[in-house]
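In what follows, a single structure is set out as structure tokens and then discussed.
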Amino acid sequence: MTGKTKGMDCVKCGAMARPAKTSFQGIIIDGWKCAKCGEVYYDPGQAQRILLLHKLEHEELEAKLGRVKSNLILRIPRAVEAGLGLKEGEKIRLRVRNATELTLTTD
């Protein structure tokens with residue numbers, strides 16, 4: 001491997017794979033594509049995050065409510081934090097759907 005910005009050696013044919021936007025499970029992520037044989041390599045961190053998101057789509061997770069001073073806080077499970085790439089202090093949007101449902105949106 002010669003580095004993310006310049007490219008990497010293609011394991012299949014030995015030619016140089018160049019940085020490219022690739023589709024992984026229907027989502028565009030960073031990766032590399034060999035111009036000679038067309039072999040595609042995915043950014044491992046981004047691909048892992050997408051796999052986690054797909055797994056979370058089929059699970060129902062519990063989240064706890066807590067209180068900090070006068071504010072009610074929602075404690076989001078670590079897997080959701082990792083899957084969505086959430087960071088402390090980041091702003092998200094909440095929308096009340098009905099009396100029992102909230103929607104959380106990230107930018």
Side-chain angles (χ1 to χ4, degrees):
M1 189 182 294
T2 58
K4 187 172 182 172
T5 56
K6 294 183 181 183
M8 62 179 281
D9 296 332
C10 178
V11 175
K12 190 173 183 180
C13 72
M16 181 66 65
R18 299 282 179 205
K21 295 292 182 185
T22 60
S23 177
F24 181 76
Q25 295 192 0
I27 298 173
I28 302 299
I29 64 171
D30 295 326
W32 301 266
K33 185 172 184 177
C34 179
K36 184 175 178 184
C37 71
E39 189 73 6
V40 175
Y41 302 92
Y42 304 107
D43 178 280
Q46 292 179 19
Q48 189 65 33
R49 182 174 164 222
I50 290 170
L51 291 172
L52 177 58
L53 284 171
H54 283 303
K55 179 182 174 192
L56 290 171
E57 287 175 359
H58 303 288
E59 292 184 16
E60 186 172 313
L61 303 170
E62 288 187 5
K64 283 189 171 186
L65 295 174
R67 187 163 299 275
V68 174
K69 297 186 180 182
S70 63
N71 295 312
L72 188 64
I73 62 168
L74 174 63
R75 298 171 191 257
I76 297 173
R78 189 164 297 216
V80 174
E81 174 189 350
L84 295 177
L86 298 174
K87 306 261 187 288
E88 184 177 340
E90 182 177 11
K91 291 186 179 184
I92 59 171
R93 290 188 171 92
L94 289 175
R95 182 175 191 174
V96 177
R97 288 293 201 195
N98 56 49
T100 61
E101 187 178 351
L102 287 174
T103 302
L104 179 140
T105 307
T106 63
D107 289 329

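Owing to the predicted nature of the structure, the values given are computational and were not obtained by experimental measurement. In what follows, residues are counted from 1 in the order of the sequence shown.
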Start with the C-alpha distance between Thr105 and Ile92, add both sets of side-chain angles, then the distance that settles side-chain contact (heavy atoms from CB on, under 4.5 Å), and finish with yes or no. CA-CA 6 Å; Thr105 307; Ile92 59 171; over 6 Å; no

If only side-chain N and O atoms count, and only distance matters, is there a donor-acceptor pair under 3.5 Å linking Arg97 with Thr103?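 Yes, side-chain donor-acceptor contact under 3.5 Å.
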
Leu104/Ile76 under side-chain contact (heavy atoms from CB on, under 4.5 Å): CA gap, chis, key distance, verdict: CA-CA 11 Å; Leu104 179 140; Ile76 297 173; 4.0 Å; yes

Can you tell me how far the [atom1] atom of [X] sits from the [atom2] atom of [Y], to the nearest 0.5 Å?
{"X": "Asp43", "Y": "Gln48", "atom1": "CG", "atom2": "CD", "answer": "11.0 Å"}
{"X": "Glu81", "Y": "Glu90", "atom1": "CD", "atom2": "CD", "answer": "10.0 Å"}
{"X": "Ile73", "Y": "Leu65", "atom1": "CD1", "atom2": "CG", "answer": "8.5 Å"}

Ignoring hydrogens and geometry, is there a side-chain-to-backbone donor-acceptor pair from [X] to [Y] under 3.5 Å?
{"X": "Asn98", "Y": "Thr100", "answer": "yes"}
{"X": "Arg49", "Y": "Leu84", "answer": "yes"}
{"X": "Tyr41", "Y": "Val11", "answer": "yes"}
{"X": "Arg18", "Y": "Gly7", "answer": "no"}
{"X": "Glu39", "Y": "Cys34", "answer": "no"}
{"X": "Glu59", "Y": "Leu56", "answer": "no"}
{"X": "Thr22", "Y": "Ile29", "answer": "yes"}

Specify the closest pair of heavy atoms between [X] and [Y], including all atoms of both residues, with the distance to one decimal.
{"X": "Lys33", "Y": "Val40", "result": "CG-CG2, 4.1 Å"}
{"X": "Ala82", "Y": "Leu52", "result": "CB-CD2, 3.9 Å"}
{"X": "Ala47", "Y": "Tyr42", "result": "CB-CB, 4.2 Å"}

Any link between Leu61 and Leu86 through a network of hydrophobic side chains (Ile, Leu, Val, Met, Phe, Trp, Tyr) touching at under 4.5 Å?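 Same hydrophobic cluster.
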
Are Val68 and Leu72 connected into the same hydrophobic cluster when the rule is that any two of I, L, V, M, F, W, Y join if their side-chain heavy atoms are below 4.5 Å apart?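 In one cluster: no.
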
Heavy atoms from other residues, nucleotides or ligands near CD of Gln25 exceed 12 (cutoff 6.0 Å):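 Atom CD in Gln25 is crowded, with more than 12 foreign heavy atoms closer than 6.0 Å.
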
